[in-house]
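To find a chain, count down the sequence lines: A is the first, B the second, and so on, and within it residues start at 1. What you see is a predicted model; the values in this text were computed from it and never measured.
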There are 2 protein chains.
Amino acid sequence: MPVYRDSSGRSLTDYPRPSVAVDTAVLAVIPDKETLGVLLVRTGDGWRLPGTFLHEGERLADAVLRSLRVKAGVSGLAPTQLHVFDDPSRDDRGWVLSVAHVDAVPWSRLTIDESLARVTSVTEVRELPYGHNQIIDLAVGSLRERYRASPDPAHLLEPPFTLRQLQQLHEAVAGEPLMRDTFRRTMEPELSPIGEFAIGTVGKPARLFTREPTR
Amino acid sequence: MPVYRDSSGRSLTDYPRPSVAVDTAVLAVIPDKETLGVLLVRTGDGWRLPGTFLHEGERLADAVLRSLRVKAGVSGLAPTQLHVFDDPSRDDRGWVLSVAHVDAVPWSRLTIDESLARVTSVTEVRELPYGHNQIIDLAVGSLRERYRASPDPAHLLEPPFTLRQLQQLHEAVAGEPLMRDTFRRTMEPELSPIGEFAIGTVGKPARLFTREPTR
DNA sequence: TTAATAGTGTCTCTAAGACATTATTTT
DNA sequence: AAAATAATGTCTTAGAGACACTATTAA
């Protein structure tokens with residue numbers, strides 16, 4: 001295949017190009033705390049979001065998946081782009097653009113090597129390098145937005161589940177209590193009762209739902 | 001300044017890197033048509049969105065502004081990132097990432113060289129190369145979202161203006177008629193009457209507003 | 001039986017939508 | 001005066017929020 005030449009006879013690689021990295025905020029609901037946490041990996045002198053440089057011919061999403069397989073043992077995610085951070089002085093190693101990503105994962109699917117990574121509650125994250133705090137803010141806002149109007153869009157809950165379980169998940173994501181009546185009215189049209197009921201719980205057994213829409 | 005070396009003794013530029021481009025959908029309301037238009041520039045064999053390669057050490061937003069100064073004679077914009085297009089086979093010239101941007105500009109500030117560029121109604125845009133149709137769709141959706149809840153956020157209208165002028169602008173952006181009562185109730189809290197009235201118009205003179213919030 | 005929780009009914013208040021009425025201008 | 005448009009009032013309906021009541025389980 002012939003190399004493209006522009007009007008000055010130069011190929012694309014004759015011009016300066018930045019390195020391109022991906023950094024990802026992997027969010028999960030921490031079971032005991034009932035709150036959103038973010039996956040951080042250890043560096044020489046602190047913590048940062050997992051990230052990697054884009055390899056030749058690689059898709060951004062694939063670079064994200066590759067970085068997460070190694071650092072957190074998770075696969076099968078579907079990362080979403082948030083923003084490109086492009087401040088030339090952002091990274092002291094050189095000219096590096098970073099494409100920030102977000103995804104959410106069920107806690108049970110995170111298999112973390114404690115010596116390499118940990119999950120920190122988003123309200124307790126310290127100052128991170130490379131503007132990673134800003135990525136976390138964007139990521140949390142983005143996830144909260146998605147969870148406002150529809151039931152568990154990131155599939156953090158394994159169906160079937162009860163409305164209460166769903167609401168507790170949404171409250172953990174939102175970081176605040178939600179109103180029961182409004183929550184039910186908003187979510188129920190997008191749920192299907194499977195005709196069975198929760199067992200072994202105190203109180204009247206709750207109907208079990210799947211995420212399938214009613215229509 | 002010493003060059004950074006990784007654990008293999010290589011610098012960042014020893015690894016393959018993509019070229020990074022910016023492509024921008026510049027949207028404006030076409031006066032006669034009362035509809036959204038997008039700025040297209042001529043290429044050898046058709047039309048495309050204005051774009052350019054990122055120069056060394058340059059910010060993405062500055063690359064956008066540089067490309068638009070030349071092609072459309074507009075300056076002072078504030079482009080917003082939409083998405084990074086990263087399909088390695090997207091551009092037949094090589095490995096090129098494109099960061100799509102959007103901005104809106106008052107029609108009166110577009111000074112177009114007819115031999116280089118034109119503005120086409122977004123409903124009449126033909127098939128474009130490099131996935132540029134998708135950028136236009138994202139751009140229009142993004143602008144419509146911004147205009148749903150607040151009065152002329154992109155400052156397409158020069159204050160002072162009447163509620164009718166504002167509604168006509170919003171209808172051009174939305175691409176559909178809006179309900180007068182709802183529109184007024186939504187927008188009026190974020191407008192300040194300047195105490196003067198439109199003159200030379202048929203009917204009862206309308207109050208003039210500025211975009212300043214009432215609080 | 002009591003405590004806990006689910007499911008359902010319903011009251012009030014507000015906002016959206018729709019429409020009518022009045023005010024004030026140009027033609 | 002007639003036509004046009006702005007400004008305002010108000011009626012109806014739907015939904016949000018709040019709360020009460022009933023149903024059904026475990027302890």
On the six-membered ring of A:Trp47, is A:Arg118 placed so that its NZ or CZ lies under 6.0 angstrom from the centre and within 45° of the ring axis? yes
In whole Å, I'd like the distance from the CD atom of B:Glu188 to the C1' atom of D:dT8. 11 Å
Roughly how many Å is it from CZ in A:Phe197 to P in C:dG7, rounded to a whole number? 7 Å
Has the side chain of A:His170 got a donor or acceptor atom that lies under 3.5 Å from a matching backbone atom of A:Arg148? no
Rounded off to whole Å, could you give me the CZ-to-C1' distance for the B:Phe183 and C:dG17 pair? 16 Å
Once the angle between the rings of B:Phe85 and B:His83 is folded into 0 to 90°, is it parallel (under 30°), tilted (30 to 60°) or perpendicular (over 60°)? perpendicular
Do A:Arg48 side-chain atoms and A:Leu128 backbone N/O form a donor-acceptor pair below 3.5 Å? no
May I ask you to evaluate whether A:Thr182 reaches the phosphate of D:dA16, defined as a side-chain N or O under 4.0 Å from OP1 or OP2? no
Residue-level proximity of residues 166-178 of chain B to DNA chain C when a heavy atom falls under 4.0 Å: none
Kindly say whether B:Leu60 contributes a backbone atom to a donor-acceptor pair with the side chain of A:Asp86 at under 3.5 angstrom? yes
Return all side-chain donor-acceptor pairs below 3.5 angstrom for residues 175-183 of chain B, not counting sequence neighbours, or 'none' if the list is empty.
none

Taking 4.0 Å as the cut-off, does a side-chain nitrogen or oxygen of B:Arg184 come that near to OP1 or OP2 on D:dA7? yes
Counting only N and O atoms by type, is there a donor-acceptor contact under 3.5 Å from the side chain of B:Asp113 to the main-chain atoms of B:Lys71? no
Is there a donor-acceptor pair closer than 3.5 Å between any side-chain N or O of B:Asp103 and the backbone N or O of B:Leu77? no
Check the distance between D:dA6's P and B:Phe161's CZ and give it to me in whole angstrom. 14 Å
N or O in side chain of B:Arg207 less than 4.0 angstrom from D:dT8 OP1/OP2: yes
Which letter, B, S or -, goes with each nucleotide of nucleotides 18-27 of chain C from 5' to 3', with contact meaning a protein heavy atom under 4.0 Å? BB---BBBS-
